[in-house]
Amino acid sequence: MQTEQTLLEQLNDNQRQAVVYCDGPQLVIAGAGSGKTRVLTYKIAYLLVHYDLKPWNILALTFTNKAANEMKGRISGLVGDERGRSLQMGTFHSIFSRILRVEAATLGFSSDFTIYDEADSRSLIKSICKQMGLDDKTYKPSTVHAAISMAKNRLQMPDDYAADGDSLERDRRRNMAETHKIYRAYQSRLRLANAMDFDDLLVYTYLLLNQNEEIRRKYAARFQYVLVDEYQDTNYVQQQILWLLTRDVRRICVVGDDYQSIYAFRGAKIDNILNFQKVYADAQLFKLERNYRSTKLIVAAANSLMKHNERQIPKEVYSENENGEKVKVMETISDKREAAIVCREIKRIRQQEKCRWSDFAILYRTNAQSRLFEEEMRKSEVAMGDKYRVYGGLSFYQRKEIKDVIAYLRLVVNPNDEEAFRRIVNYPARGIGDTTLAKVLDCAQQQETSLWEVISNPVQYQLLVNKGTATKLLNFRALIDGFVAQREESDALTLARDIIEKSGIKADLATDRTAEGDSRRENLDSLISGIADFVQAQREDGQEEHVLLTDYLANVSLMTDQDSDDSSDDKVTLMTIHAAKGLEFGTVFIVGLEENIFPSQMSVGSMRELEEERRLLYVAITRAEKHCYLTWAHTRWRFGKMDGFVNASRFLNDIAPKYLDVQVEGGRGSGGHSSYGETWGGNSHGSYRPWEDDYEINKPYTGSREWGNDYGRRSGRMQNSRPVAGQFMADPKPKITSPRQAEQAVNPFSPSFEKMLRQGGRWTKVEHAVTNGGRTSGSGQRTSAPSGASSGSSYASSGSSGLHPGSVVEHQRFGRGVVVKVEGVGENAKATVDFDATGRKQLLLKFAKLRIVG
DNA sequence: AGGCATTAGATTTTT
DNA sequence: TCTAATGCCT
């Protein structure tokens, strides 16, 4: 517990001004590392202490549960547990879902409504398309859902959408003219299922407040002060809801940084923060520009990058820390070397500065890029063994075995939940197949009711199935009904255990004797312990009434495993830049700074998206406290092919050179004169020249070329080392470990490799690789390893397969055919064959079992 | 209905 | 290269 005086003493002038101003709407632009969270938490504490506001009168909204929990903890530290706990603090979605459960009846839902996740939404859309006879290749569920989601983000309901010329036109152009009909059907199916998707949580909150003045006034009065974190990431609905809640007394404080707006692709509108002062006319602007995190040079480099963005609130972030070192740019010959060098640097710096593994982060644009770094680190020679942790990937809650159990829980709480029903009606197998399901589905559609209603009253709804099937459906219904009967009596843990037992899930999993089965059972155990933790936590919290399944589900559906945090263990962090927002590390490696990767190929077409990519790099650089590295590689394996003509990212040109220290592998670069300029400085197609108006469309040429050489990228499946625990979950168990196959070495010195580089016109010669203790760094086997391309000709040799153009072959399925072309060697060997029966096909010899006939 | 063979496809993803 | 999804076979 702290007094007002001591609270304010812990802030700098700007921070303090932002904290004490409480007379009206307020916009706080908080640069990276400027103490944004500090201002928010202290402001809330100040409201409680100075204005004596009741904690339940303060609404504080964040984007992640993690941020909310952290902030709650810190406020509790300032003003005591008691008050901290009663704060209305959480994510938009969780706070609003709580309101919606209370007010559900007004909207025509029951308070036990299910929250559909992304997968549920897509699956529902798929089912709708099927029913409407639409091809799901044209109407890809994910694309359709994105369109619907975007519509909801701008508060366009199905009717509005169908009346909106722009939307219809766009859909027509994309050959998806029926999208508005899918949207309509989707929305009604959700309602029939008593379900809302993520977007609905916001949309319905808006509708609730907008259409019921009394309810609006109730909540506006309750939330006397509203604070919003990461305001740059809010979308239109969120902004509108905030307006409804605050337009009367206008006590709202939004905090954010337009420089860090990186979620436009999810509907976030940077305009919300850019225009805040127009919406709230008397809003006061506060800027926190002092960065406490990074060295001067890092901050300067990041600032210089952002000079190239047009849409922004001007600001000058500065640092009073030491100068530090320049941002290092490392140019390597291959993606593999990039990984090796990053690992080498980590080891070197760690030694030198006696810091921890957890002081390092490797940040990349796409998850796929993590693989090489994982591989490199597990190499015995690098000896970083398990000193790293990969974030991202498939979350715990998306694993099949977990989704199955959750589906049972959902169906018991809300039997109308269509997606849950479909998922488990035949799991474990009980002989209710696709045909039966289709009948039930049709029946439900016809009579506009839920699947559950249909199987509960098959006669009334004229469900036409034979007797055996009817019995199976009846049994299923009885099973679920049995659980439903317990739902108010037993706590979540008891009921969940019972369900796993009686549904046959347990028995089903028990039959699987494979390693995968072990992992499934362990995951299931984790889920159960999670439920146990939840029930216990509720009891300790004095919430004895709220230990039921419905309470657990209300919690768990908005939880992701990002929320768990075992940052306590000492490991190097590997994650996407998006995932790194809000974090900081002593040393940051930003890897893969190449055209088509960063900026991503998809974003170079438009100025707005390109600016977002640039902000993404800004976010990445500003994660670093002391050392920041930008790396790129001349050659990279992508999608199983070697990309041989890689251009450096245009963003490297956007950072003022005086803040950069460029190093080119081969040792030519560090002395100030490197191939840097020649390689990508002036001439490269990828350079970004803002003074040329066509720079956005002038995409760099990236040659790609098929390599017959087998450079032996043949890694085994990686051990799954991702985190998994959620908040109410026991320790994650390690997942299946499959033995790593021996890695076949790459030979960067093979004649053909050199030839390739020469042909690329970028390098005149491959110099010696950077050495490390007298040895070629990277892999010791490397230089002596067998090369797939030891001869001068780099490809088109048919290798050992003995196939030649003209060979007559026989395929198990396609029958007899004549080989037209053979390319590649080993793993990549591919043949084009004209089959008598089915025509020309390309076959990967690795897979196709061809018998040579003649 | 389940298992394997084949192919198509492949950003980022707070909730 | 890896994954997910489809389709065909038993």
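So that the names make sense, note that chain A is the first sequence line, chain B the second, and so on, each numbered from 1. All figures in this text were calculated on a predicted structure; none of them were measured in a lab.
- At whole-Å resolution of the value, NE2 in A/His93 and C1' in B/dT15 are 4 Å apart.
- Among residue pairs with one or both ends in residues 198-208 of chain A, those qualifying as salt bridge (charged side-chain N to carboxylate O under 4.0 Å, His left out) are A/Lys152-A/Asp200; sequence neighbours excluded.
- Residue-level contact check: A/Gly433 touches the backbone only, with heavy atoms under 4.0 Å from sugar-phosphate atoms and none from bases.
- Distance from the side chain of A/Arg371 is smallest to C/dC2 among C/dC2, B/dT14, B/dT15.
- Evaluation of the ring-ring contact (aromatic ring centres under 6.0 Å, His included) rule for A/Tyr259 yields A/Tyr618 as partners, not counting sequence neighbours.
- One can place CG of A/Asn65 at 8 Å from C1' of B/dT15, the figure rounded to the nearest angstrom.
- Between the CD atom of A/Glu118 and the C1' atom of B/dT14 there is a distance of 12 Å, given to the nearest Å.
- The salt bridge (charged side-chain N to carboxylate O under 4.0 Å, His left out) test applied to A/Asp551 returns no partner, not counting sequence neighbours.
- Taking the P atoms as reference points, B/dT12 lies 16 Å from C/dA5, given to the whole Å.
- By the side-chain hydrogen bond (donor to acceptor under 3.5 Å, both in side chains) test, A/Ser94 pairs with A/Thr91, sequence neighbours left out.
- Partners of A/Lys403 under the salt bridge (charged side-chain N to carboxylate O under 4.0 Å, His left out) rule, at least two apart in sequence or in another chain, are A/Asp117.
- Side chain A/Arg266 to base B/dT14: no donor-acceptor pair is found below 3.5 Å.
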In a table with atom names and distances, give each donor-acceptor pair under 3.5 Å that connects a side chain of residues 422-433 of chain A to protein atoms at least two apart or in another chain.
| from | atom 1 | to | atom 2 | distance (Å) |
| --- | --- | --- | --- | --- |
| A/Arg422 | NH1 | A/Ser127 | OG | 3.3 |
| A/Arg423 | NH1 | A/Asp404 | OD1 | 2.6 |
| A/Asn426 | OD1 | A/Arg430 | N | 2.8 |
| A/Asn426 | OD1 | A/Gly431 | N | 3.2 |
| A/Asn426 | OD1 | A/Ile432 | N | 3.2 |
| A/Asn426 | ND2 | A/Ile432 | O | 3.3 |
| A/Tyr427 | OH | A/Asp508 | OD2 | 2.9 |
| A/Arg430 | NH1 | A/Ile424 | O | 2.8 |
| A/Arg430 | NH1 | A/Val425 | O | 3.0 |
| A/Arg430 | NH2 | A/Tyr408 | OH | 2.9 |

With 3.5 Å as the limit, what N/O pairs link the protein to nucleotides 4-6 of chain C?
| from | atom 1 | to | atom 2 | distance (Å) |
| --- | --- | --- | --- | --- |
| C/dT6 | OP1 | A/Lys126 | NZ | 3.1 |

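- Taking atom CZ on A/Arg638 and atom C1' on B/dG9, their separation rounds to 13 Å, with Å as the unit.
- A straight line from CE of A/Met71 to P of B/dT14 spans 17 Å, rounded to a whole angstrom.
- Within the nucleic acid shown, A/Asp117 has no heavy atom closer than 4.0 Å to any nucleic acid atom.
- Across B/dT13 and C/dA4, the matching P atoms stand 16 Å from one another, rounded to whole Å.
- A/Glu374 places its CD atom 12 Å from the P atom of C/dC2, with the value rounded to the nearest Å.
- A donor and an acceptor atom, one from each side chain of A/Gln369 and A/Thr366, are located under 3.5 Å apart.
- Following rounding to the nearest Å, A/Tyr397 (OH) and B/dT13 (P) show an atom-to-atom distance of 18 Å.
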Please list, for nucleotides 10-12 of chain B, all pairs of protein and nucleotide N/O atoms separated by less than 3.5 Å.
| from | atom 1 | to | atom 2 | distance (Å) |
| --- | --- | --- | --- | --- |
| B/dT12 | OP1 | A/Asn367 | N | 3.0 |
| B/dT12 | O4' | A/Arg365 | NH2 | 3.0 |
| B/dT12 | N1 | A/Arg365 | NH2 | 3.4 |
| B/dT12 | O2 | A/Arg365 | NH2 | 2.3 |

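- Annotation for A/Lys439: atom NZ counts as buried by contact number, over 12 foreign heavy atoms lying within 6.0 Å.
- Not a single ring-ring contact (aromatic ring centres under 6.0 Å, His included) links A/Phe373 to another residue, sequence neighbours left out.
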